[in-house]
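Single-structure report; data block below.
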Number of protein chains: 2
Amino acid sequence: MQNKIFQNFLGQKGLKMTRERFAVLEEVSSVPVHFDPEQLYARIRESGLKASRASVYRTLSLLVESGLVEKVSRSGRGNIYEHTYGRRHHDHMICDICGEIIEFYSEDLENLQLDICTSNNFKGMSHTLEIRGHCENCRR
Amino acid sequence: MQNKIFQNFLGQKGLKMTRERFAVLEEVSSVPVHFDPEQLYARIRESGLKASRASVYRTLSLLVESGLVEKVSRSGRGNIYEHTYGRRHHDHMICDICGEIIEFYSEDLENLQLDICTSNNFKGMSHTLEIRGHCENCRR
DNA sequence: GTCTAATTGAAATTAAATCTCAATTTCAGT
DNA sequence: ACTGAAATTGAGATTTAATTTCAATTAGAC
Ligand SMILES: [Mn+2]
Ligand SMILES: [Mn+2]
Ligand SMILES: [Zn+2]
Ligand SMILES: [Zn+2]
């Protein structure tokens, strides 16, 4: 369970599991898959839980470091995150018109990237592929 | 020549070719391939040319729209751009340690993306693939 | 329970980018 | 070359996302 994973991660780094960090992790699990930090902060305030904006941002960084959350997008102004617990890696298509986010995964594509890294003597550790265009609905 | 292309683009939109826009385009051609707006602004100031920060940002948007410049990524906070005139599309590997940017291109990878778009009824218009990790030098 | 290092939150700060609007410039029409 | 309408500019204000500061609080090892 992600709680234990996070607690473990914190322990390894000599950090403490606080009620604020717990609140952020809790909300990360119930928020829509793709979210931004301000959204998350607003929802924490609405729910009974409490955590300051500073703690939300600070905890989000820790969650990314622990692998429970990933930074998704590099197109808009602010960052978009998604929680990854129980979900496998995938990439995204984003509709320029309606903003819909479509997730996809291709083994071939992943392998091709491994090959490219190898031939460049590069040790790839993560990647982001974002395809922008028009989704099915907006096409017309 | 990119000058004519930009002038043409502006004409189509009922916009004017000003000395400030010319200065930005001029500097975009002599700056390192990958640059950020503040860098560009600083260099314009150093050279004899003139353009305010506002104009630099405004012109950069127009250059992106015209296809002469592309947004590459967001390193930390700000955007990174590159000029594309006379260069073909490619993607990037970025070293987490030294920041080196390695360009690569793979026909197979591009085709695979086309297939993926097709099978999702998505009209892909652009994409960004960024692979992060450790470069040859930093590996060790 | 004690103690100490980690953590918190409100507010200040930073940084990138955008906006405002009076003054200036471009350029199509003549 | 002249004119005038519309586009553009720049200094500084504003917005936005995120980070920093630091006194007060808290977690958790002992
Ligand atoms: Mn996703
Ligand atoms: Mn490049
Ligand atoms: Zn759409
Ligand atoms: Zn490196």
Side-chain angles (χ1 to χ4, degrees), chain A residues 3-4 6-28 31 34-45 47-66 69 71-81, chain B residues 3-4 6-28 34-45 47-66 69-81:
Chain A
N3 246 309
K4 263 278 162 277
F6 193 40
Q7 224 148 18
N8 227 56
F9 167 81
L10 292 173
Q12 300 259 320
K13 304 202 69 178
L15 304 180
K16 297 168 177 175
M17 172 50 101
T18 65
R19 89 180 78 265
E20 288 81 3
R21 284 174 180 159
F22 181 77
V24 174
L25 178 52
E26 203 61 7
E27 197 59 36
V28 159
V31 94
H34 305 105
F35 63 91
D36 68 67
E38 291 296 328
Q39 219 172 87
L40 191 68
Y41 174 57
R43 288 185 50 131
I44 288 172
R45 311 231 79 198
S47 74
L49 305 165
K50 82 176 219 342
S52 67
R53 191 192 316 283
S55 282
V56 169
Y57 278 99
R58 287 188 286 229
T59 305
L60 223 30
S61 293
L62 290 171
L63 287 170
V64 168
E65 212 183 324
S66 78
V69 166
K71 196 181 288 188
V72 166
S73 167
R74 45 207 63 263
S75 46
R77 278 180 226 134
N79 290 322
I80 303 275
Y81 295 86
Chain B
N3 245 308
K4 262 279 162 274
F6 193 40
Q7 223 148 19
N8 227 54
F9 167 81
L10 292 174
Q12 300 259 320
K13 305 201 70 178
L15 303 179
K16 295 167 179 176
M17 173 50 101
T18 65
R19 89 180 76 264
E20 288 81 5
R21 285 175 180 159
F22 181 78
V24 174
L25 178 52
E26 204 61 8
E27 197 58 36
V28 159
H34 303 106
F35 64 90
D36 68 66
E38 292 296 327
Q39 221 171 85
L40 192 68
Y41 174 57
R43 289 185 50 131
I44 287 173
R45 311 230 80 198
S47 73
L49 305 167
K50 80 176 220 341
S52 67
R53 191 192 315 283
S55 282
V56 169
Y57 278 99
R58 286 187 287 226
T59 304
L60 222 30
S61 294
L62 290 171
L63 286 169
V64 168
E65 212 184 324
S66 78
V69 166
E70 264 178 34
K71 193 182 290 187
V72 167
S73 83
R74 243 174 43 203
S75 90
R77 280 164 164 248
N79 290 321
I80 305 273
Y81 295 86

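Every heavy atom of this structure was used, including side-chain atoms; hydrogens, water molecules and symmetry mates were not. Order of the sequence lines fixes the chain letters, A, B, ..., with proteins taken first and strands second; residue numbering starts at 1 for each chain. All of these numbers come straight from a predicted model, not from anything done at the bench.
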Rounded to whole angstroms, how far apart are [atom1] on [X] and [atom2] on [N]?
X: A:R21; N: C:dA6; atom1: CZ; atom2: C1'; result: 8 Å
X: B:K71; N: C:dA16; atom1: NZ; atom2: P; result: 15 Å
X: B:Q12; N: C:dC27; atom1: CD; atom2: C1'; result: 17 Å
X: B:F22; N: C:dT26; atom1: CZ; atom2: C1'; result: 16 Å
X: B:L60; N: C:dA16; atom1: CG; atom2: C1'; result: 13 Å
X: A:L40; N: D:dA17; atom1: CG; atom2: P; result: 14 Å
X: B:L10; N: D:dA6; atom1: CG; atom2: C1'; result: 15 Å

* Structure fact -> By nearest-nucleotide position on DNA chain D, the 5'-leaning member of B:S52 and B:G14 is B:G14

* Structure fact -> Each nucleotide of nucleotides 18-30 of chain D classed B (base within 4.0 Å of a protein heavy atom), S (only sugar-phosphate) or -, in 5' to 3' order, makes BBBB-----BS--

If you compare all heavy atoms of [X] against all heavy atoms of [Y], which two are closest, and at what distance to 0.1 Å?
X: B:L10; Y: B:M17; answer: CD1-CA, 3.9 Å
X: B:R21; Y: B:K16; answer: NH1-O, 2.6 Å
X: B:V24; Y: B:L63; answer: CG1-CD1, 4.0 Å
X: A:R53; Y: A:Y41; answer: N-CE1, 3.3 Å

* Which value, rounded to the nearest 0.5 Å, describes the distance between B:I80 atom CD1 and B:H34 atom NE2? -> 8.5 Å

* **A:R45 atom CZ, neighbour heavy-atom count above 12 within 6.0 Å** => no

* To do: Respond yes when some side-chain nitrogen or oxygen of A:K50 is under 4.0 Å from OP1 or OP2 of C:dT8, and no when none is.
  => no

* Counting any heavy atom closer than 4.0 Å, what does A:K13 reach on the DNA or RNA strands: base, sugar-phosphate only, or nothing? -> nothing

